[in-house]
Amino acid sequence: MRGRVVAIDGPSASGKSSTARAVAEELGFAHLDSGALYRGVTLVALREAARRGRAHEDPLDVLEPEAILRAAEDRGLMLQPDGAGFAAYLEGEPVDTEIRAGRVTGSVSAVSAVPVVREWINSRLRAMVRAGRDVVVDGRDIGTVVFPDADLKVFLTASPVVRAGRRITQRGVDPDPQRLEAEAAALAARDHADSTRPTAPLRPADDAVLLDTTSLAFREQVARIVELARPLLARR
Ligand code: DC
């Protein structure tokens, strides 16, 4: 039997992952971070390029997408159930820190624009839900493409400056005006790349609930989504 699905989509640094994790905890669902798989495939691509002595090139110039996906399978890229969520593994080692490092972040938009990469990841996400787990899944196209029949769809937004401030504070540094401006520009570039790509662009599903978190505190945004999801708990 398929598990219940809450889909949370939105742009970079809109707080999707931390919100999805907190909502999952409240509901007793597992949190599935689809971006972790995109980042995992990107890490595979970077490592394979390095194995070929071409670490400093764009990995998509070094390898065909099919070769990257074959390497992902051969080297055991996977999300394994871990507490209330899933942890990313590659070559038998946890890679949750490495997939969030700058090198991966710099290449992930290009890798995630490749249609066969998206199909490969989507089939893995669907298999995890077919296994019967109730999940809160966060990403860019969860409500539009991966789970168009999700039980609840939420699209989070926040102004670029607020998102930039949250991202900088997360890193534990001072969000001074220069850093804010640079980070907001980097986020805007990534938003643009993610929302104008031909395959599965970032956009809200027609039946998604839009939640602008610009002036919401974290616990308020979690509470709103939990409230929207509460009727699901009675189902089953
Ligand atoms: O949410 P994140 O920053 O970890 O996502 C990393 C990248 O993966 C982001 O640039 C867009 C891509 N992504 C995607 O295209 N579709 C998803 N469902 C999730 C992430």
Side-chain angles (χ1 to χ4, degrees), residues 1-39 79 81-87 112 118 121-167 169-170 187 190-191 194-195 200-236:
M1 193 195 353
R2 202 199 81 162
R4 289 167 287 195
V5 177
V6 174
I8 301 184
D9 289 303
S12 305
S14 55
K16 292 183 306 293
S17 282
S18 43
T19 304
R21 191 176 325 119
V23 169
E25 268 169 30
E26 292 258 342
L27 298 175
F29 289 17
H31 169 220
L32 190 48
D33 171 358
S34 65
L37 270 179
Y38 285 95
R39 290 171 175 276
L79 294 184
D82 177 50
F86 293 83
S112 62
R118 306 198 68 84
I121 287 177
N122 292 348
S123 67
R124 259 147 202 78
L125 294 170
R126 292 181 186 124
M128 285 186 243
V129 171
R130 264 199 308 276
R133 296 187 73 126
D134 295 320
V135 285
V136 179
V137 195
D138 76 275
R140 306 290 190 291
D141 61 343
I142 305 305
T144 50
V145 174
V146 189
F147 296 113
D149 56 349
D151 301 278
L152 170 66
K153 300 176 189 177
V154 177
F155 194 88
L156 289 186
T157 57
S159 75
V161 173
V162 163
R163 289 190 282 132
R166 288 178 188 163
R167 181 96 346 147
T169 312
Q170 252 171 22
L187 284 175
R190 209 135 74 84
D191 288 353
D194 291 341
S195 35
L202 170 69
R203 66 169 182 83
D206 294 337
D207 52 350
V209 178
L210 299 185
L211 191 57
D212 184 342
T213 69
T214 303
S215 47
L216 283 185
F218 180 71
R219 60 185 163 69
E220 289 173 318
Q221 74 201 38
V222 172
R224 297 250 182 124
I225 300 173
V226 168
E227 217 37 62
L228 291 166
R230 211 169 282 292
L232 302 183
L233 297 178
R235 224 181 280 167
R236 177 168 285 192

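Residues Ile8 and Ile225 form a side-chain contact, since some pair of their non-hydrogen atoms from C-beta on lies under 4.5 Å apart. The closest side-chain heavy-atom distance from Phe29 to Val137 is not below 4.5 Å. A heavy-atom distance below 4.5 Å is not found between the side chains of Met128 and Val135. Within the 4.5 Å cutoff, no side-chain heavy atoms of Thr157 are placed close to those of Leu210. Two residues are said to be in side-chain contact when any heavy atoms from C-beta on lie closer than 4.5 Å; Arg224 and Leu216 meet this criterion.
Of all the heavy atoms in Asn122 and Val146, the pair that sits closest is OD1-CG2, 3.3 Å. Smallest separation of non-hydrogen atoms from Ala229 and Leu27: CB-CD1, 3.8 Å. Nearest heavy atom pair, residue Asp212 against residue Ala158, reads OD1-CA, 3.9 Å. Residues Ser195 and Pro201 approach most closely at O-CB, 3.4 Å, considering heavy atoms. Closest non-hydrogen pair, Ser18 versus Phe218, comes out as O-CZ, 3.4 Å. Residues Ala205 and Gly143 come closest through the heavy atom pair CB-O, 3.8 Å.
Once rounded to the nearest 0.5 Å, the distance linking OG of Ser112 with CZ of Arg118 reads 5.5 Å. Atom CG in Leu156 sits 10.5 Å away from atom CZ in Arg163 (nearest 0.5 Å). Taking CG from Leu79 and CG from Leu37, the interatomic distance works out to 4.0 Å, rounded to the nearest 0.5 Å. A distance of 4.0 Å separates CZ of Phe155 from CG of Leu202, quoted to the nearest 0.5 Å. With rounding to the nearest 0.5 angstrom, the CG atom of Asp151 is 8.5 Å from the CG atom of Asp134. To the nearest 0.5 angstrom, Asp9 atom CG is 10.0 Å from Arg203 atom CZ.
Remark: side-chain polar atoms of Ser159 are not paired, donor with acceptor, to backbone N or O of Thr214 under 3.5 angstrom. Judged by distance alone, with hydrogens and angles left aside, the side-chain atoms of Lys153 form a donor-acceptor pair with the main-chain N or O of Pro148 at under 3.5 Å. A donor-acceptor distance shorter than 3.5 angstrom exists from the side chain of Arg4 to the backbone of Leu232, with no hydrogens or angles considered.
In summary, the side chains of Thr213 and Arg166 do present a donor paired with an acceptor at a separation below 3.5 Å, with no hydrogens or angles considered. Judged by distance alone, the side chains of Arg140 and Ser12 do bring a donor and an acceptor atom under 3.5 Å apart.
Asp138 pairs in a side-chain hydrogen bond (donor to acceptor under 3.5 Å, both in side chains) with only one of the listed residues (His31, Arg21, Lys16), which is His31. None of Val226, Thr19, Val154 except one satisfies the side-chain contact (heavy atoms from CB on, under 4.5 Å) rule with Gln221; the exception is Thr19.
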